[in-house]
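First comes the structure, then the notes that go with it.
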Amino acid sequence: MLTWSIDPFGVDANVMEPIHKAIGIVPLGDLSPLIPKIVAAHIESYLHLDADILPAEDLPAVAYSRRRLQYDAGKMIAFLESRPSTGHEKKIALLAVDLFVPIFSHVFGESRQGGAWALTSVFRLQRQKNGSIPAPETLYERTAKVALHEIGHLFCLVHCDDPLCLMHFSGGLSDLDRTPLQFCRYCAQYLREAKF
Amino acid sequence: MDDKMKIMIVDDEMIVRDSFRHWFEKIGHEVDTAASGPDALKKLEQTPFDLLFVDIKMPGMNGIDLLQRIKADFPDTTVVIITAYGSIETAVTAMKLGASDYLLKPFKPDHLTLVMEKINQQRKLTSEYRYLKDRLEHITRFDNIIGNSAPMEKIFDMIPEVAESDASVLLTGESGTGKELVAKAIHAKSRRAKRPFIAINCGAVPDSLLESELFGHKKGAFTGAVHDRKGFLEVVSGGSLFLDEVGEISPKMQIDLLRVLEEKKITRVGDSLSIEVDFRLISATRRDLQREVAQKRFREDFYYRINVIQIHLPPLRERKDDIPLLVNHFLEKYSRETVKHVDRVSADALRRLREYSWPGNVRELENVIERAVVLARSRTLGIDSFPFLKSGPAPEPAGRTLQEVELAHICRMLEENEWNISRTAGVLGINRVTLHKKIKRYGLTPSFPSSE
């Protein structure tokens, strides 16, 4: 969905950048093509926002840590935000590599409060704690939960105390699996008011 | 208590500070950062922080040094140590120095969540503990003596002063005003606190027995004395002796005790050896000992010896402001003891409890609440729970002389019986002629026509 932002003070709208009131989904590196479609479907049904799947891009090498053999989520977001905007105000990058932030051993996803880019990695979501491979629907549900949680942060939502809310912090897979695919009524209301 | 905290991250690596800040901002905490120990201390001087994450290895002042400074200067601040070196010794040292927890980076995200939950729990408990301790200390500053009325405040002020000296104390006041509690409080605040506190009710022990109880006896001193026995004056060694109902002590015993107080020595009954004793005497009486002295019923020299400092405990009717506090205290006590959920007294009942004269003082109030809780059928005690309140306060007597009382009583009975002379005489237990004579003598006339 493409809309134009109208300046109430009469500036010519044609000279303004077009703003997509939709979430841009960018696959980074090798990723099953089904994952972006699943995330898009969840954004549309849970956030009531349009989602555009954008062309895949390479993983930014600058974010790779040779010492930890993982990608630094903070550096990756900084890199993505440093590039010229493609028109979508809020975007989520989906990837299949392991992400970390310096203090944590790993993260499932990362974003900044009110930022433009969020990340979601399926790397640790596609394995059970015992190393076995989960049923595909489990992976899809986990990915959707992490993606919706990170997009929540892009709209300035903070972690929620309610363990039955998607904005509740999940430190591990069991926490994530316990969290239902829904926002509590407070976070849902906040999202309704905060959208774009 | 609000779960949101003011947090400072102290780490020389910017990426670590930023990682922490981003993470805590997502929870909604207020976050500040410092790149070094001195920088952190400067910020702490300016504004208080609830929680600090401190890296162990920093150039200049290291994390352990900073932890020690924080614990010395800002003891209320919680500190979590972070280390990349995974040395368990450092973590143990940090915990011994007062760190609440430690994190070995990089840590799993849920580990930080657990640490935060634990810290939140600790903060809640600490805050609740402080609040309750303050409340309790204020209300029961001296053991179980409850009250914040002006007369009790005066007593609370006196207790520590009196406790400092070794002078004999005489506690006066009606029965049930808490004389023994004050005696115990004086003992507890004195340098003798770790030594025994022995209480004897002199009114309840026969004179002959009191002598042996206080002074002890030698085997064979009297029939039944089959062993040597230490008396309380010996056993109390270094502690405080509380003589309740001291006014009941016989003149002979008064002389014996006077000698002990002067010489600080005793001789067991049936023995000739004197033993040195060291105790502080606290006495209590509900009698007016000064009047007893004037009437030669109590020895003057003994009176002055035991009455170096006098504390008068006011009757409950003179400290009515304490009644709601006492009612609540006893309500909680007996609800707990009887495992019954009774936690309030209706406003009406409380008003009537305040109005009541409480001849038995706090002890009577305690018994009344205990009875009411035991019999309670709901969580609220109403007027019905206190049957003695239903009859209302006792009517003031009509006068002081018998004649005044008789006149008022005859009048009331005549009114009640509508001036029916035969019926009134029957109620009063006198014959009609006598009643007629009294009516004539007092010049009584009916306020309405007589039916007779």
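From a predicted model like this one, the values you see are computed outputs, not experimental measurements. So that the names make sense, note that chain A is the first sequence line, chain B the second, and so on, each numbered from 1.
Rounding to the nearest 0.5 Å places CD1 of A/Ile103 at 10.5 Å from CD1 of B/Ile15. A/Asp161 contributes atom CG, which lies 9.0 Å from atom CG of B/Asn120 (distance to the nearest 0.5 angstrom). Here the straight-line distance linking atom CD of B/Glu25 with atom CZ of A/Arg112 works out to 9.5 Å at 0.5 Å rounding.
For the pair A/Val101/B/Trp23, no side-chain contact is recorded, criterion being any heavy-atom separation below 4.5 Å from C-beta on. Side-chain contact between A/His159 and B/His29: absent, with no pair of heavy atoms (C-beta onward) separated by less than 4.5 Å. Looking at A/Phe104 and B/Pro106, their side chains never come closer than 4.5 Å, going by heavy atoms from C-beta outward. The closest side-chain heavy-atom distance from B/Pro109 to A/Phe169 is below 4.5 Å. In this structure the side chain of B/Lys26 reaches within 4.5 angstrom of the side chain of A/Ser111, judged on heavy atoms.
Counting heavy-atom neighbours within 6.0 Å of A/Glu81 CD, excluding the residue itself, gives a total above 12. Within 6.0 Å of CZ on B/Arg69 lie no more than 12 heavy atoms contributed by other residues, nucleotides or ligands. Around atom CE of B/Met95, more than 12 heavy atoms belonging to other residues, nucleotides or ligands sit under 6.0 Å away. Applying the 6.0 Å contact sphere to NZ of B/Lys42 captures no more than 12 heavy atoms from other residues, nucleotides or ligands. Around OH of B/Tyr334, the count of heavy atoms belonging to other residues, nucleotides or ligands within 6.0 Å exceeds 12.
The choice from A/Met167, A/Arg68, A/Lys75 that makes the most heavy-atom pairs within less than 4.5 Å of chain B is A/Arg68.
Summarising the geometry of B/Ile27 relative to A/Val158, their closest heavy-atom pair is C-CB, 4.1 Å, with the distance given to 0.1 Å. Taking both residues in full, the closest heavy atoms of A/Gly171 and B/Asp110 are given as CA-CB, 3.6 Å, listed atom of the first, atom of the second, then distance.
For B/Lys108 (side chain) and A/Gly172 (main-chain N/O), no donor-acceptor pair under 3.5 Å exists by modelled atom type.
Only the side chain of B/Leu112 comes within contact range of chain A, with at least one heavy atom under 4.5 Å from a heavy atom of that chain. Of the atoms belonging to A/His153, it is side-chain heavy atoms, and not backbone ones, that fall under 4.5 Å from chain B.
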